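Here the structure is a predicted model, which means the values were calculated and not measured. Naming: A, B, ... by sequence-line order, numbering from 1 per chain.
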Amino acid sequence: MSASHLDQVHAKITLYAHRRVRTVLDGNYASIFKGRSMEFEDLREYTPGDDVSDIDWKATARSGKVLVRRYIAERKNNVTLLVNTGRSMAATAPDGSSKAGLALMAAGVFGYLVLRHRDLMAMAWGDESGYHILPPKGARGHVEMILSTIAKAATPEAAPADLNGLLGYASRAVTKRGIVVLISDDAALEETGLAALKRLHAQHEVLMVSVADMDPSALTAEAPQDIETGVAIPDAVRLHPEVKAEQAAMLARRRAALTRALGSEGIAEGRIESEQTMVHSLISLLERHQHAGR
Amino acid sequence: MTMMSWWAIPVAIGLVLAGLVVGLLVARRRRPQGGTPLANTSRFLALASFGRVVRRHAVVQGLTGLTVLVMAVGATMVAVRPAESETLTTELASRDVVLCLDVSGSMIEVDADLMSVFEDLVKEFDGERVGLSVFDSSSVTLFPLTDDYEFLADQLGLYAEQLESWDWESGFDYSGTMLGYEYGSSLIGDGLAMCLDLFDHTDQERARAVVLATDNYLSGAPYLTLEQAATLAKMSNIRVYGIDPGWASYYGYGGDTVEAEQMREACELTGGEYYTMDDGGTVRKIANAILKEEAALIESDPYLVVYDRSGRGVAVMAVGLAGLVLVQAATVLAGRGRRRSL
């Protein structure tokens, strides 16, 4: 890993997202905190990405330009990353890259936004070997350290991941109120995990970022193996039409079940499949979070 | 059933075991090397279709292995060279007999008997060949050496009948036997020489015999005397068996006539025998005696014949191959059917 994860993430964001898109991302991030601990400051011209409800219609009618109200944060917001690190995060994503890279970039995008908005970032992470937490801080070096911690914790040599255990830990350990961004993968969310997620969501606002796993029946490369057990998955079997069909049906069923479970709690989920589409996926996630009925 | 290369069995077992060991080693070495790492595959691996396809592949591979094993067994069965052995003596099949008959008036009765006896004998022949030549002033080949027994019985029967119905009034003339009668009749030496000429395949090792029926009453001047003809026979390793009706003693001349003595000498010179009817013998007995004598002469040392019996091994290999083709074809067809249905 090179010196600065943040610089890399910034380079990727500018590579994959147009300036206009970045403005939208910025606006969507800002509006997460809308209405909480903010004071009206002044009016400025509307730019795409601004919440339509921020438009000051009277001022717009008077001036002839679309004007939105600007707020100033009364205090700094907390963004807590909850990263499901461990061995499985080092596995392959649908675009063939490492899931760890996608998770790192997702965390980096939030780090970039946090720094831009002078907010604070904390992180809880861990696997079967143990869970850890870093307190919220606003320094660039702190965010940088969070990213390099993720990079070190999501390797094939790490212990097996434990999403439900991590959620249970986080529901007790994350005390500072704010936004909780859960970065996990397609690991199963069990009853205990869901209960912990509900507790977290009651106290904070939870967003879920799912780094997608490569579908074994869709992988074109030969002879994949399970990262946990090392057992090879025979090509002749995983690419068999019957298996593909049943896998596709099962994936659709599971996605629908997860969406239903999270939706009934008012938790928005975004799914990340490649670096190219990440910024758009995150924008869409932030928009859905605003409409999730808080 | 013996196995000529029994050592092929341990060799085959060793090869199969070595193949298995090498296969396992290769499979083991290949396994840990980094394939694409995938996470959260447990639900995928637990799919019902996954287990079903794994079992199906296991069955196909098991059947494939089985057919290969069957082929290996078949190959081993061929490699050990299963053989059957049989002790054989030379068959009578390589025996040629030429009936050489003097058809001068004095011999008709004996000739008729000889033909009817041979008509019976050929029914038991298997592989022997019989030819028939008659002579008087000149020699005529009625049929050359042949093993067409139906034809032989037919012809011999026909001639025997013709000879039996012969009488002095109607006369008897085998077309061609009276050519040059002005130079004499019953030219025995010439007749025998012509009979010797019937033997073919002189390059082959065959038992050759002439049954010469004559009273050896020469009336004329032949090119070859009986002794010269007998010498020819001896040179060609053909035995001459003489049948003499023995008229001399029959008519009371008593003792051995000069003719009888000449004939005996001629026959014995060739290694054959001389028979005379006045020993109270019948033509049948004499014919049997001749055949027995010949059989004793040509019977060689018994020898071992070994037959390879690889047929069963080849059949097993064929079954294995057919099984392999069937399994593979069924797999391909099943795959095609699936693709179409999707």
query: Hey, mind stepping through A:R87 and A:D127 against salt bridge (charged side-chain N to carboxylate O under 4.0 Å, His left out) and telling me if it holds?
result: CA-CA 8 Å; A:R87 193 182 298 168; A:D127 49 37; over 6 Å; no
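No part of A:T229 comes within reach of chain B, as not one of its non-hydrogen atoms sits under 4.5 angstrom from that chain. With a 4.5 Å cut-off on non-hydrogen atoms, A:A188 touches chain B through its backbone and its side chain both. In this structure, the portion of A:D213 lying under 4.5 Å from any heavy atom of chain B is its side chain and not its backbone. Contact annotation for A:L251: neither backbone nor side-chain heavy atoms come within less than 4.5 Å of a heavy atom of chain B.
Looking at every heavy atom in both residues, A:L285 comes nearest to A:E269 through CD1-C, 3.5 Å. Across all non-hydrogen atoms, the minimal contact from A:N84 to A:G126 is OD1-O, 4.4 Å. Annotation for A:R288 and A:G270: closest pair NH2-CA, 4.0 Å, computed over non-hydrogen atoms. For the residue pair B:L145 and B:G131, the shortest heavy atom distance occurs at CD2-N, 3.4 Å.
Looking only at atom types and distance, the side chain of B:T146 has no donor-acceptor partner in the side chain of B:D148 under 3.5 Å away.
Classification of A:E242 and A:K244 as a salt-bridged pair fails, no side-chain N sitting under 4.0 Å from a carboxylate O. One finds no salt bridge joining B:D147 and B:R129 here, because no Lys/Arg side-chain nitrogen approaches an Asp/Glu carboxylate oxygen to under 4.0 Å. Contact check on A:D186 versus A:R271 returns a salt bridge, with a Lys/Arg side-chain nitrogen under 4.0 Å from an Asp/Glu carboxylate oxygen.
Contact of the A:V180 side chain with the A:L207 side chain is not registered, since no non-hydrogen atoms from C-beta on lie closer than 4.5 Å. Two residues are said to be in side-chain contact when any heavy atoms from C-beta on lie closer than 4.5 Å; A:L282 and A:F110 meet this criterion.
Taking non-hydrogen atoms and a 4.5 Å limit, the residue list of residues 161-171 of chain A in contact with chain B is empty. By a heavy-atom distance cut of under 4.5 Å, B:P37, B:L38, B:A39, B:N40, B:T41, B:R43, B:F44, B:L45, B:L47, B:A48, B:S49 are the residues of residues 37-49 of chain B near chain A, going up by number.
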